[in-house]
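I have placed the structure first, in the form of structure tokens, so that the comments after it can refer back to it.
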Amino acid sequence: VYHFNYTLKNFNYTLKQCLYHYHQSKASSTFFQDVDMSISGAGYWYGEGNGHSCGYCGNDDTSISSYIYTSFISTSMYNSLIDRGWRRSGSCMYKPSMEKTCCPQYTIRCDALKFRTSRCQKKVIRSCASFLKSSKPGDIPQGKEEVGGGSKSSYDRNRRKVRRLEQQPLKPITTALQLSQSSKKRDFRRLRKLKKIAAARGVEWNTLTVADFQYKDNEKSLAIRLEEIKSSPRFRTKLVPVSSQKGSEFQKTLLASHEVFKKYQTAIHKDEEDECTMEKFKRFLCNPPFTEEDDDLGAYHCQYYIDEKLVAVGVIDILPTCLSSVYLYYDPQYSALTIGTLAALFEVDMTRELYGRHPSIKWYYMGFYLHRCPKMRYKAAFRPSLLLCPRSYTWWPIENCQDMLDKAKYAEFGEGIADEPTVSEVELGTVKVLYQRRLCIYSVYKGLVSEDKYGDFLQTYVTIFGWENVKDFCIIA
């Protein structure tokens with residue numbers, strides 16, 4: 001995806017305008033009177049490409065995906081596609097072939113409204129706040145980044161503890177009196193807190209329940225913790241819409257952003273400098289295919305500054321039901337701050353802020369999850385999280401999936417999963433195709449060409465793209 005060669009850039013820009021205005025005007029003819037010819041996206045269908053090098057296991061030709069290079073797409077359609085396992089890199093969308101690829105990648109999302117910070121995540125916040133408070137401007141944080149948000153031993157230990165509790169469920173403690181009979185230090189601290197609450201209310205402590213101890217508003221809990229960082233005059237964030245317009249805030253910070261990207265790619269991913277040119281950077285992270293629908297929706301770069309120096313950039317998409325993380329790059333000198341986890345926490349908090357303006361936005365998508373990749377472990381620590389079943393396209397709690405992924409790299413999380421209904425030949429004939437600058441349906445396209453290059457894999461396209469999405473998408477022949 002990163003090295004994809006797009007040779008039709010200027011034509012695509014013109015096409016994007018033509019098709020978008022066509023969609024807006026909802027033009028039609030008597031020939032298509034029984035077919036809705038409005039579209040929400042258009043692109044070149046490349047199908048399942050040959051295997052290429054894998055960035056996770058290092059093999060040369062074992063990573064297999066399907067590709068569509070989009071000329072344009074609505075945020076609502078892309079939102080629907082990521083719920084079928086698709087992701088984007090610039091304007092190129094790809095979906096791993098889960099049963100064939102060497103390292104299956106499962107879409108993971110977190111319920112931002114129910115999110116609770118873990119001990120390791122609290123430590124990351126405290127560490128950054130401490131650095132900002134105790135160091136001097138220009139200082140570089142010392143120490144080693146906690147890869148994955150915690151060690152493998154602690155991760156496995158917690159998994160074993162959960163299994164043990166599932167096998168021998170404990171009697172839940174619900175009253176203050178039960179707390180007083182417990183010998184655990186944690187319960188002793190909770191009892192002491194309950195006694196303070198009882199004294200403030202003027203009631204007997206043994207009449208209270210554990211529910212009186214619960215956090216009043218967990219949404220404020222994360223915001224208050226992050227305020228330790230936000231309140232520092234040395235730290236600030238800036239949310240910049242991706243824009244090609246000269247003089248825009250995005251263009252003003254483009255050079256600085258590219259420098260951070262180049263440092264990150266060469267140090268962390270061991271890329272050569274000629275692989276990190278401005279042109280490739282723009283194609284990879286600055287070329288979103290979205291049509292403008294709402295002031296808040298679209299592609300953004302969330303920039304993180306320390307001492308007025310750009311140290312990290314989180315590339316995100318704000319979609320109708322979620323905030324989707326696309327990529328993160330940072331100055332390797334600041335890796336001790338565990339910026340991957342820190343940026344994800346800021347993005348969870350941003351999702352909650354968006355929920356206040358758009359009640360449909362409640363999910364935080366963290367991209368793909370690879371169970372056996374240590375650098376992906378931090379994603380599993382964002383609870384409650386769900387994984388997408390690669391066959392039924394339903395969501396399952398990550399706790400229910402981890403044992404299956406321990407046994408096999410590819411797994412389907414439901415039982416008795418049925419395949420989606422096959423689309424009939426008549427319905428396939430209504431697939432929209434742009435041929436010689438004319439929008440038509442597939443049954444017409446077949447009569448216009450001497451060689452039908454789509455017939456062999458049209459059913460595959462419908463299967464992995466989803467029929468509801470296919471009906472609103474146009475293939476560019």
Any idea which heavy atoms bring [X] and [Y] closest together, and the distance?
X: Ile39; Y: Lys432; answer: CG2-CD, 3.4 Å
X: Lys309; Y: Asp331; answer: NZ-OD2, 3.4 Å
X: Tyr369; Y: Lys379; answer: CD1-CB, 4.3 Å
X: Leu370; Y: Cys103; answer: CD2-CB, 3.7 Å
X: Gly90; Y: Pro289; answer: O-CD, 3.7 Å
X: Gly429; Y: Ile441; answer: O-CB, 3.4 Å

To the nearest 0.5 Å, how far apart are [atom1] in [X] and [atom2] in [Y]?
X: Ser385; Y: Tyr364; atom1: OG; atom2: OH; answer: 10.0 Å
X: Arg236; Y: Lys230; atom1: CZ; atom2: NZ; answer: 14.5 Å
X: Ile464; Y: Ile68; atom1: CD1; atom2: CD1; answer: 7.0 Å
X: Tyr78; Y: Ile73; atom1: OH; atom2: CD1; answer: 8.5 Å
X: Leu226; Y: Thr117; atom1: CG; atom2: OG1; answer: 9.0 Å
X: Ile125; Y: Thr338; atom1: CD1; atom2: OG1; answer: 11.5 Å

Taking [X] for its side chain and [Y] for its backbone only, find out whether a donor-acceptor pair lies under 3.5 Å.
X: Lys263; Y: Pro332; value: no
X: His258; Y: Cys276; value: yes
X: Thr430; Y: Glu427; value: yes
X: Gln121; Y: Ala381; value: yes
X: Arg352; Y: Ala112; value: yes
X: Ser74; Y: Met77; value: yes
X: Ser231; Y: Glu227; value: yes
X: Glu99; Y: Tyr410; value: no
X: Thr70; Y: Gly43; value: no
X: Ser325; Y: Met366; value: no

Using the test ring pair (Phe, Tyr, Trp, His ring centres under 6.0 Å), find all partners of [X] that sit at least two apart in sequence or belong to another chain.
X: Tyr442; answer: none
X: Tyr327; answer: Phe284
X: Tyr435; answer: Tyr445

If we only count heavy atoms from C-beta on, is the [X] to [Y] side-chain gap below 4.5 Å?
X: Gln459; Y: Val423; value: yes
X: Ser257; Y: Leu285; value: no
X: Thr351; Y: Trp363; value: no
X: Ile398; Y: Arg383; value: yes
X: Leu345; Y: Val348; value: no

Residues Glu259 and Lys262 bridged, charged N to O under 4.0 Å: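 Yes, Glu259 and Lys262 are salt-bridged.
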Would you call Asp271-Lys280 a salt bridge at under 4.0 Å N-O?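 Salt bridge absent between Asp271 and Lys280.
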NZ/Lys238: more than 12 non-hydrogen atoms of other groups inside 6.0 Å: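 Enclosed.
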Neighbour count above 12 (heavy atom, 6.0 Å) for Arg438 CZ: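 No.
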Would you please say whether a donor-acceptor pair under 3.5 Å links the side chains of [X] and [Y]?
X: Glu468; Y: Ser80; answer: no
X: Tyr461; Y: Ser66; answer: no
X: Ser221; Y: Arg116; answer: no
X: Tyr329; Y: Gln265; answer: no
X: Tyr365; Y: Asp83; answer: yes

Quick one: side chains of residues 314-322, donor-acceptor pairs under 3.5 Å with protein atoms, not counting sequence neighbours, listed by atom name and distance.
{"from": "Asp317", "atom 1": "OD1", "to": "Arg88", "atom 2": "NH2", "distance (Å)": "2.8"}
{"from": "Asp317", "atom 1": "OD2", "to": "Arg88", "atom 2": "NE", "distance (Å)": "2.9"}
{"from": "Thr321", "atom 1": "OG1", "to": "Asn79", "atom 2": "OD1", "distance (Å)": "2.9"}
{"from": "Thr321", "atom 1": "OG1", "to": "Asn79", "atom 2": "ND2", "distance (Å)": "3.1"}

Could you tell me how the ring of [X] sits relative to the ring of [Y]: parallel (under 30°), tilted (30 to 60°) or perpendicular (over 60°)?
X: Tyr378; Y: Phe382; result: perpendicular
X: Tyr264; Y: His269; result: perpendicular
X: Phe250; Y: His301; result: perpendicular

Qualifying residue for ring pair (Phe, Tyr, Trp, His ring centres under 6.0 Å) with Phe235, from Tyr334, Phe346, Phe131: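 The passing option is Phe346.
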With side-chain contact (heavy atoms from CB on, under 4.5 Å) as the test, would you mind laying out the steps for Ser71 and Ile476 before giving the verdict? CA-CA 9 Å; Ser71 181; Ile476 303 172; 4.1 Å; yes
Apply side-chain contact (heavy atoms from CB on, under 4.5 Å) to residues Leu81 and Phe465 and explain how you reach the verdict. CA-CA 7 Å; Leu81 287 172; Phe465 212 66; 3.7 Å; yes
Could you list the residues that satisfy side chain to side chain donor-acceptor pair (under 3.5 Å) with Tyr106, not counting sequence neighbours?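 Applying side chain to side chain donor-acceptor pair (under 3.5 Å) to Tyr106 gives none.
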Checking Lys282 now: which residues fulfil side chain to side chain donor-acceptor pair (under 3.5 Å) with it, not counting sequence neighbours?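 Residues passing side chain to side chain donor-acceptor pair (under 3.5 Å) with Lys282: none at all.
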Which is it for Val260 and Tyr304 under the side-chain contact (heavy atoms from CB on, under 4.5 Å) test, yes or no, and what are the steps along the way? CA-CA 11 Å; Val260 175; Tyr304 299 85; over 6 Å; no
Please evaluate residues Thr107 and Phe368 with respect to the criterion side-chain contact (heavy atoms from CB on, under 4.5 Å), reporting the C-alpha separation (whole Å), side-chain torsions for both, the decisive distance (0.1 Å), and the verdict. CA-CA 5 Å; Thr107 302; Phe368 286 135; 3.5 Å; yes
